Amino acid sequence: MSNITPTIRVQSADFDLQSEIDALIARRKDIGAVVTFSGLCRDEQGALSALELEHYPGMAEAEMRRIGGIAVKRFSLLGLTAIHRHGRIMPGENIVLVIAAAPHRQAAFDGANFVMDFLKTSAPFWKKEHAADGTAGDWIAAKDADDTARDKWK
Amino acid sequence: MSVKLVYFAWVRERIGKPEEEIDLPASVITVRDLLNHLKDLGEEYENALQFPEVIRVAINQEHAEHDELIAGAREIGIFPPMTGG
């Protein structure tokens, strides 16, 4: 079961949820649960015009692959896809996608949750806000709540 | 020792360049030594690294603690806490 290789991509282009789910479960008859998480860009009540997503090329993919590998083993996943976009992302657009497949729902929920918690705290991506009024935005600060969420898996 | 440093997000903006090749004195042994050394290179470095304890570092594209040795590093990434996802 642990010879599952996660599908990991870092790209500027958008992704399609249904195509990614279809690709993950194609020709499989052992999967009983698929959990899909997608993260989108919010407009913060109209205050935000775009997010700029910076990443560390090479390390971002490697870190996502490492996290995905741990999740596949720990939750005995039958499939895992993680896609993270970079570049300029407008409100309403996709930022991140995690799909976890397992025989039963609990492992699929936990697998997707685990991947997101570690992706937020250890995959090298940074968000910069661009304000709707044209002023130079700030880099988003890391949240303690994200570290707390990650630490529940210890 | 000569090493490639790569900077990201506000560390990159404050230092004013995305990367550089730098020669390090033999006294720079750990990640913490490196951050303290860089802080003394000028105002922009001081500005970027004034609170070194919050700065994250990767050696050869793997996360490294501040007490880790930098011997053998080809590339060292220096950046703020991550905010992806």
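Treat the numbers as computed from the prediction; the structure is a model and nothing was measured.
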Is there a path of hydrophobic side-chain contacts, each under 4.5 Å between heavy atoms of I/L/V/M/F/W/Y residues, joining [Y] to [X]?
| X | Y | answer |
| --- | --- | --- |
| B/Ile55 | B/Ile22 | yes |
| A/Phe75 | A/Val35 | no |
| A/Leu40 | A/Ile83 | no |

Using non-hydrogen atoms only, which part of [X] is less than 4.5 Å away from chain B: side chain, backbone, both, or neither?
| X | result |
| --- | --- |
| A/Ala123 | backbone |
| A/His55 | backbone |
| A/Ala141 | backbone |

Looking at [X], I want to see if its [atom1] is surrounded by more than 12 non-hydrogen atoms of other residues, nucleotides or ligands under 6.0 Å.
| X | atom1 | result |
| --- | --- | --- |
| A/Asp138 | CG | no |
| A/Arg28 | CZ | yes |
| A/Asp22 | CG | yes |
| B/Glu53 | CD | yes |
| A/Arg42 | CZ | no |
| B/Glu65 | CD | no |

Self-check item: Plane angle bin for B/Phe79 and A/Tyr56 - parallel if under 30°, tilted between 30 and 60°, otherwise perpendicular
Solution: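 Because their plane-to-plane angle is over 60°, the rings of A/Tyr56 and B/Phe79 count as perpendicular.
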
Self-check item: Residue part contacting chain A, namely of B/Glu62, when any heavy atom lies under 4.5 Å
Solution: backbone

Quiz item: What part of B/Val6 is in contact with chain A, defined as an atom under 4.5 angstrom from a non-hydrogen atom: side chain, backbone, both or neither?
Solution: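 Just the side chain, heavy atoms under 4.5 Å.
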
Exercise. Considering non-hydrogen atoms only, spot the tightest contact between B/Glu13 and A/Lys128 and give its length.
Key: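 Taking every non-hydrogen atom into account, OE2-NZ, 2.6 Å.
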
Just verifying a value: how many Å separate [X] [atom1] and [Y] [atom2], rounded to the nearest 0.5 Å?
| X | Y | atom1 | atom2 | result |
| --- | --- | --- | --- | --- |
| B/His63 | A/Thr121 | NE2 | OG1 | 8.0 Å |
| B/Thr83 | A/Leu51 | OG1 | CG | 9.0 Å |
| B/Arg12 | A/Trp126 | CZ | CH2 | 9.5 Å |

Exercise. Heavy-atom pairs under 4.5 Å with chain A are the metric here; pick the option from B/Gly84, B/Gly77, B/Pro81, B/Pro80 that has the most.
Key: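 Result: the option with the highest number of such pairs is B/Gly84.
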
Quiz item: Between A/Glu54 and B/Phe8, is any pair of side-chain heavy atoms under 4.5 Å apart?
Solution: yes

Quiz prompt | Check: B/Gln61 and A/Glu63 side chains under 4.5 Å, non-hydrogen atoms | solution = no

